[in-house]
Amino acid sequence: MTTLQENKFNELHLFIDESGNFGSMSKREQKLVGGVLLFGEYSKAVERKIKNSLLAAVKSIDGKYPQSLHFCDNNSQKKFVETLQKQLDVFRKESNTKIYGVFIRHEEDIYANTSNILAEYELDNRYKLLLWSLIEYCVFADDKVNKRLTDDAVIHLHIASKSVPLKNRDEDYINLTRSLGDNVLQNPITGEYYVAKSINEQTIQGMFSVAMKDKWITSKRKLATIDVTPLNYNLDEYSFDPKRSKESTPALYLADILIGLERQRLNGRYNGYVQILPVLESLEYSWQLDVAMRCKACLVDDNFDALISILDEESIDPDDLHNQDIMNRLVKEFKLNPKSFHRLYEKAVKNIDYPQNRNHALQTLKLLDAVYHNANVFDLFSELYSTLITFSAANHAGDIRKAEANWNRYLELEKQISSIGKENRLEKAKDIVLMFRSRRAVNLMDMFDFEAAEKIIIDAKNDEERFRRNNSDDLEFLSTWRLGICYSLAGQACAFQKKQEAANDCFRNALSCFTEPGDLERVWVYLGHLACDFPETSIDLWNEVKEHLPTTIEQDIMLFEKPFVFAVLIKGLLVFGDINEKQEWLDRNNEILKSDLFDASKIHPYGLILQTLAMLNIAVWYETGEKIYAEYADKFFDQAIRSLASGEKLLQFLSNVCWLRRTLFIKEWQPTNENEQYLDLMLQTFVHKASEFGLAIHKLSLEEIMGCIRFNYW
């Protein structure tokens, strides 16, 4: 007999159904798993009261039980639902149990990159994973459940079974499906094969056992029963089958009704939505939920180091933690030892500079800032790291004013850095100071103030050289990395001022300071841009650059893992490649690259890559006269303009530059009087537009502007 102990129940029943259509990736139809959470004993008396509630609702529309419960398209739905809600309200007030709705909605696949037979869209794997995520979260991880359930509670699962048709599948696939343990049968009437019971007791038992062994090791909760049964509505139709000719348990019918109503609400097809039960939890199936459960398991096991390792590896938005216990523990640890969080900040500092990792870094920062804010303590390094990451993000987005605001915030914090002694992470502090100066130099270059950028980085280099002289007795303590950063940025400032030899010398010095492959690769990318910007005298430099960068420019992995390398290699192809090399490369890659794969990123440098692709196609069109290359160029220009326009001030300005280039191209490709007038208007307003973005560019002539920007931006 289940009793209420310390306001907690020692028994939990989950009645679960699903929405179907799990093999489709269509977002139009929401894919749901969910139903009823019942705390306490599911006795005959409780079962009878739920059935009476359903019977009253059926009676209100002159229906038949249980056929009329399946009411999705029933014109009497509103009356049915309102009656059911009133009946359930009475039941909840009078019962010794607690009953709630619970849902999980498919948001994205987590394990999509698997072999076909195990992919999430095959054989109901997507349904199985949603089902297990819901069970695992409710039984082990949910704060709301844990507040109502004893630590040693027993769990009962009641799941509506379903079959999966194997339409248009060959014999090998069917045999493979059988070999995976699925019960494959053939319909005697249609001849089609189907998996008779896509989820079964053994599968759930196995998932539960593995989770208890590998993740929820210290949990005392026990799985008492698993009941996977058909959800029967038309009993007469299956009079020959004893399993299908009897009524299902009333709570399972109720679960199906809840799922139907929730799906209609999500799809916007039921304006008169009535919540017949309070919803305890509504989850989204995604990697964030998976990470949140792993974090919760670390807390249950009191393993804080493992928790930090997960956040270090995965990162997660604090809004997706799904669990206040996790945030509370993070805040407690931060108060005790802020340094334990600094490695997360440091990783975010590195990730923010890589387009493919930028969102990851921003999520990490959001989480860390939430922890820091809730801890309500001051930590200088956390303040510096947070400002630094935000500063870098602003630079990458082209948000000139936000970057400048972060620089001013740093100047306030800089006064406190001088109090840090050598024994108290002075070397780390010096790294941070230089990173701020380097980002300020980038900020100034973004405003086309190249002289000021060169000055701030030369001052930083001189400071570093003095620091090295004063600490020459402790060489192990010193690193040449900071000098390398100074030289590489000074090289950029010189290059933008067309000081070719000075820029080359700076980059060579940077190469001598760096040891990490990533740092060295970045300098070779800079030297590649330098060669492209002075093509008449730099063919030897370009050939040297190619020896240190990948020799082929294929669009798959490099495009997303090394976009800056990809950008300079196609720039070099445009500048130094002959017509045959350009045409051959475009013929291989144009069709793939013109897809909208860049649009999802909308981050630097993809817009500028698209612009270079447009210019490559223009170059081939000039030489061959083939219309197809002009059409590709127009498509790439369109994508580039949209991608750049989605950024902040500087990238929006570069979108205007791209817009101007496209106008010049169309004037040649499809000359009309209208295009001539449009170009004249753009030339008149272009410099004035620059001032709207806070750029000092209005001091320059149009020729000087195009010379500074050239055809790509570093």
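Computed over heavy atoms, backbone and side chain alike; hydrogens, waters and symmetry mates excluded.
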SB check [X] [Y] (cutoff 4.0 Å):
X	Y	result
E82	K78	yes
K366	D369	no
D62	K79	no
K222	D152	no
R105	E107	yes
R265	E262	yes

Pair [X], [Y]: side-chain N/O donor-acceptor within cut-off below 3.5 Å:
X	Y	result
E314	W287	no
H342	D379	yes
Y285	D290	no
S286	Q288	yes
T203	N200	yes
R148	Y100	yes
T97	Y42	no

Flag yes if more than 12 heavy atoms outside [X] fall under 6.0 Å of its [atom1] atom; otherwise flag no.
X	atom1	answer
K347	NZ	yes
D151	CG	no
D214	CG	yes
K215	NZ	yes

- Test side-chain contact (heavy atoms from CB on, under 4.5 Å) applied to V139 and V145, step by step: CA-CA 7 Å; V139 172; V145 172; over 6 Å; no
Residue pair [X] / [Y]: nearest heavy atoms and the distance that separates them:
X	Y	value
C298	I310	SG-CD1, 3.5 Å
K8	L149	CD-O, 3.4 Å
N351	A361	CB-CB, 3.7 Å

- Contact check, side chains of F103 and L134, non-hydrogen atoms, under 4.5 Å: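 Sidechains of L134 and F103: no contact.
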- Message: Quick check: do V102 and V279 have side-chain heavy atoms less than 4.5 Å from each other?
- Response: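 A side-chain contact is absent here, since even the closest heavy-atom pair is not under 4.5 Å.
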- Task: Check the pair L157 / T225 against side-chain contact (heavy atoms from CB on, under 4.5 Å), numbers first and verdict last.
- Result: CA-CA 6 Å; L157 302 178; T225 57; over 6 Å; no
Quick check for you: to the nearest 0.5 Å, what is the distance between [X] atom [atom1] and [Y] atom [atom2]?
X	Y	atom1	atom2	value
W216	F208	CH2	CZ	11.0 Å
S19	Q30	OG	CD	8.5 Å
L365	I352	CG	CD1	7.5 Å
M293	C295	CE	SG	11.0 Å

- Contacts of Q205 that satisfy side chain to side chain contact (heavy atoms under 4.5 Å, CB included) - sequence neighbours left out: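 Checked Q205 against side chain to side chain contact (heavy atoms under 4.5 Å, CB included); matches are S209, L223, I226.
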- Apply the test side-chain contact (heavy atoms from CB on, under 4.5 Å) to residues D143 and K296: give CA-CA distance (whole Å), side-chain angles for both, the deciding distance (0.1 Å), then the verdict. CA-CA 10 Å; D143 286 339; K296 178 66 174 181; 3.6 Å; yes
- Name the orientation class of the two ring planes belonging to Y253 and Y65 (parallel below 30°, tilted from 30 to 60°, perpendicular beyond 60°).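 If you compare the ring of Y253 with that of Y65, the planes turn out perpendicular.
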- Item | Y372 ring center near F334 ring center (under 6.0 Å) |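 Yes; F334 has its ring centre under 6.0 Å from that of Y372.
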- Message: With side-chain contact (heavy atoms from CB on, under 4.5 Å) as the criterion, how do L289 and I104 come out once you've worked through the C-alpha distance, each side chain's angles and the decisive distance to 0.1 Å?
- Response: CA-CA 10 Å; L289 178 62; I104 184 168; 3.7 Å; yes
- Message: Applying side chain to side chain donor-acceptor pair (under 3.5 Å) as the test, list every pair that has at least one member in residues 50-59; sequence neighbours left out.
- Response: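 Applying side chain to side chain donor-acceptor pair (under 3.5 Å) to every pair that reaches into residues 50-59, excluding sequence neighbours, yields K51-E247.
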- Option passing side chain to side chain contact (heavy atoms under 4.5 Å, CB included) with L84 (candidates L254, L277, L69): L254
